[in-house]
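Model, not experiment: these values are computed from the prediction. Below, chain A is the first sequence line, B the second, and so on; all start at residue 1.
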Protein chains: 2
Amino acid sequence: MPIGTSPALLKELDELVYVRRRLKSGITLYHTGSHCHSLYVVKTGFIKTENLHDDGRTQITGFYMAGEMFGFDGIADEAHMCTSVALEDSEVCIIPLERIENINPDLLRLQHHLYKLMSREIVRDHTMMMLLGSMHGEERLAAFMLNLSHRFHVRGYSPYHLVLRMKREEIGSYLGMKVETVSRIFTKIPGPGAVRCTSKRYYDS
Amino acid sequence: MPIGTSPALLKELDELVYVRRRLKSGITLYHTGSHCHSLYVVKTGFIKTENLHDDGRTQITGFYMAGEMFGFDGIADEAHMCTSVALEDSEVCIIPLERIENINPDLLRLQHHLYKLMSREIVRDHTMMMLLGSMHGEERLAAFMLNLSHRFHVRGYSPYHLVLRMKREEIGSYLGMKVETVSRIFTKIPGPGAVRCTSKRYYDS
DNA sequence: CGGCATCTTGAGTTGGGTCAATGGTCGTGG
DNA sequence: CCACGACCATTGACCCAACTCAAGATGCCG
C-alpha cells in the first residue's frame with residue numbers, strides 16, 4: 001500500500017519542489033472539489049486522504065508517511081477528488097503540476113518515474129479492493145499492520161514496534177469496519193508483546 | 001468507474017498502436033507476474049481484470065468496455081499485477097510501453113492525457129474502495145448498474161436497457177458479495193421492467 | 001434429449017453492526 | 001495540584017445483513 005520513492009528519485013524530485021508547507025495536526029491540506037495544481041510528497045508526519053459520501057459517510061483511501069507521494073487523483077479533472085488531512089504535525093513538499101507538464105525532456109527518466117508512482121498507487125488500490133472485497137476483519141487488520149510494519153522497516157524504524165498515528169475510527173474507515181470491531185480485534189489478536197495507549201498508540205507485532 | 005477516452009485522444013492513441021489482438025471469450029490476455037510490455041485499449045467486447053489471492057479467492061478489480069484503457073498496474077514493476085480475461089469475444093489494441101516512454105515531445109499533450117487516464121483509474125479505484133468499505137449490498141449493486149448505464153449511454157447505447165456480459169459470480173466478486181446475495185438483490189430491487197436471462201443477460205433500469 | 005453451467009430460492013448460522021455504558025488520557029483553568 | 005470536561009478506546013448485549021449449505025429451476029449446447 002505504500003507509494004515508495006527511491007532516494008535517487010527523491011533527489012530529482014527536489015528540483016521540482018516549489019515550496020514546502022507545514023501542517024498542524026488536524027489541518028486540511030486540500031478539499032474535495034478544490035482546484036488541483038500540485039502533487040505532494042510527505043516530508044515528515046502522517047497524512048490521510050478521505051472521500052466524503054453525500055450522506056456523511058466517509059472512506060479513508062490512504063495513509064501516507066515520509067517519502068510517499070499523494071494527490072494523483074486530482075490530475076484527472078484538475079480538481080481534487082478527495083480531502084487530505086494531517087494526522088499529526090507534518091510537512092509536505094508541493095510539486096506544481098505545471099512543472100510536471102513542462103518537464104525538461106532531459107528528465108525523461110523522471111517522467112517515467114512518475115508513471116511508475118501512479119501505477120504503484122493503482123496497484124495499492126487494487127490490493128485494498130481485494131482486502132475490502134474478500135477479507136475478514138482479522139485478516140484486514142493483520143494485512144494493514146503488516147503493511148505498516150513493512151513501510152516503517154523500509155524507513156529504518158523497527159518493524160516490530162509500530163506507532164500508530166491514526167485513531168481506531170480512522171483505521172476502521174480505511175479497512176471498512178466500525179470502531180468497535182477494530183477495537184475488539186485489537187484486543188483479541190495480539191500476542192503477549194502488545195502494548196497500547198491512547199494518543200501515542202504503540203503496538204508490537 | 002470507467003476509464004473514458006475522448007474521441008480526439010483515441011485518434012492520437014491510434015498512432016501508438018502496434019497491433020490489435022482478437023480474444024475469444026474466456027481467453028486470458030495476460031497473467032499476474034508476466035512481463036508487462038504494453039497497455040491496452042478495448043476495441044470491442046468486454047474485459048475483466050482480477051487479482052488472485054494465494055488461497056484461491058479472487059477479486060475482480062475492473063470491467064472494461066469499448067474505448068476504455070487498462071493495464072496501468074503493470075507499469076510499476078514491469079510485471080502485470082493482475083490477470084485480464086475476455087468476457088466475450090473481444091478485440092484489444094496493444095500499445096507498447098516503449099512507445100510511450102520514447103514518446104515524441106510534440107505529443108506532449110498525449111503524454112498529459114496518459115497522466116489523466118491513470119489519474120482517472122485511481123479515482124475510480126477510490127470510488128470502489130468507498131463502495132466496498134461503506135455501502136450495503138443494495139447500494140453496491142445500484143451504484144454498479146448506474147455506472148454501467150452511464151458508460152453505455154456515453155457510447156450511444158440505451159442507458160435503460162443494459163446487457164450484462166458478466167456472470168452473477170463475477171458481479172459478486174467485483175462488488176465484494178457472494179453469488180447468492182447478488183441474485184437475491186436482483187430479484188428484490190428491480191421494478192417491473194426487469195428482464196433477465198442467462199448468458200445474454202438483459203436488464204432494465 | 002440429456003448434460004452442464006448458471007441462476008434462483010430456502011433455511012439456518014454468524015461476523016460485524018448498533019446502541020449503550022464504562023474507563024482511561026489529556027488539556028485547561030481555578 | 002486537582003477537578004472538570006472532551007475525546008478516545010474498550011466492552012457487553014442484542015440484532016441483522018450477508019454468508020453457507022443445500023436443493024431446485026432455468027437456459028445453453030452438443
Side-chain angles (χ1 to χ4, degrees), chain A residues 24-26 46 48 53 55-60 85 87-89 131-145 162-190 194-203, chain B residues 24-26 46 48 53 55-60 85 87-89 131-145 162-190 194-203:
Chain A
K24 279 280 170 203
S25 174
F46 240 96
K48 73 172 172 182
H53 200 111
D55 56 4
R57 282 179 290 187
T58 73
Q59 174 78 30
I60 291 183
V85 179
L87 291 179
E88 60 177 339
D89 292 358
L131 180 148
L132 292 167
S134 53
M135 286 171 61
H136 284 190
E138 261 179 55
E139 300 174 291
R140 294 185 194 187
L141 201 51
F144 175 65
M145 301 294 285
L162 315 180
V163 181
L164 305 179
R165 290 316 191 333
M166 62 289 285
K167 310 173 188 156
R168 294 284 186 271
E169 181 157 12
E170 290 168 327
I171 297 175
S173 170
Y174 187 52
L175 300 179
M177 326 190 279
K178 296 294 167 190
V179 202
E180 295 95 325
T181 308
V182 174
S183 186
R184 278 185 244 274
I185 296 178
F186 265 123
T187 309
K188 188 169 58 175
I189 285 188
V195 189
R196 264 159 284 125
C197 26
T198 10
S199 210
K200 292 284 179 234
R201 283 162 272 258
Y202 300 99
Y203 204 88
Chain B
K24 280 281 171 202
S25 174
F46 241 97
K48 72 171 173 183
H53 200 111
D55 56 4
R57 283 180 290 186
T58 73
Q59 174 78 30
I60 292 183
V85 179
L87 291 180
E88 60 177 339
D89 292 357
L131 180 149
L132 292 167
S134 51
M135 286 171 60
H136 283 190
E138 260 179 55
E139 299 175 291
R140 294 186 194 186
L141 201 50
F144 175 65
M145 302 293 285
L162 315 180
V163 181
L164 304 180
R165 291 314 192 335
M166 62 290 285
K167 310 173 188 158
R168 294 284 186 270
E169 181 157 13
E170 290 168 328
I171 297 175
S173 170
Y174 186 53
L175 299 179
M177 325 190 281
K178 296 293 168 190
V179 203
E180 295 94 326
T181 308
V182 174
S183 185
R184 277 184 244 274
I185 296 177
F186 266 123
T187 309
K188 188 170 57 174
I189 284 189
V195 189
R196 264 159 285 125
C197 23
T198 9
S199 208
K200 293 283 179 235
R201 282 161 271 258
Y202 300 99
Y203 203 88

If only side-chain N and O atoms of [X] are considered, is one of them under 4.0 Å from the OP1 or OP2 phosphate oxygen of [N]?
{"X": "A/K178", "N": "C/dG17", "result": "no"}
{"X": "B/T181", "N": "D/dC19", "result": "yes"}
{"X": "B/S183", "N": "C/dT9", "result": "no"}

Base of C/dC19 paired with side chain of A/E180 (donor-acceptor, under 3.5 Å): yes

Would you state whether a donor and an acceptor, one from the side chain of B/R184 and one from the base of D/dT20, lie under 3.5 Å apart? yes

Whole-Å distance separating the [atom1] atom of [X] from the [atom2] atom of [N]:
{"X": "B/R168", "N": "D/dT26", "atom1": "CZ", "atom2": "C1'", "value": "12 Å"}
{"X": "A/M166", "N": "D/dA9", "atom1": "CE", "atom2": "P", "value": "12 Å"}
{"X": "A/L131", "N": "C/dG16", "atom1": "CG", "atom2": "P", "value": "12 Å"}
{"X": "A/E138", "N": "C/dT14", "atom1": "CD", "atom2": "P", "value": "16 Å"}
{"X": "B/M177", "N": "C/dT14", "atom1": "CE", "atom2": "C1'", "value": "18 Å"}
{"X": "B/L132", "N": "D/dA18", "atom1": "CG", "atom2": "P", "value": "13 Å"}
{"X": "A/H136", "N": "D/dA17", "atom1": "NE2", "atom2": "P", "value": "18 Å"}
{"X": "B/L141", "N": "D/dA18", "atom1": "CG", "atom2": "C1'", "value": "14 Å"}

So if I take every side-chain heavy atom of A/K167 and compare against D/dT10, D/dA9, C/dG16, which nucleotide ends up nearest? D/dA9

If we only count heavy atoms from C-beta on, is the A/T181 to A/R140 side-chain gap below 4.5 Å? no

Side-chain touch B/I171/B/Y174, heavy atoms, less than 4.5 angstrom: no

Please report the closest heavy-atom contact between B/D89 and B/S25, naming both atoms and the distance. OD1-N, 2.7 Å

All heavy atoms of A/S173 vs all of A/I60, minimum pair found to be OG-N, 2.9 Å

For A/G176, answer base if it contacts any base atom (sugar-phosphate contacts may also be present), sugar-phosphate if it contacts only those atoms, and nothing otherwise; contact means non-hydrogen atoms under 4.0 Å. sugar-phosphate

Give the intermediate values and the outcome of side-chain contact (heavy atoms from CB on, under 4.5 Å) for residues A/F144 and A/V182. CA-CA 12 Å; A/F144 175 65; A/V182 174; over 6 Å; no

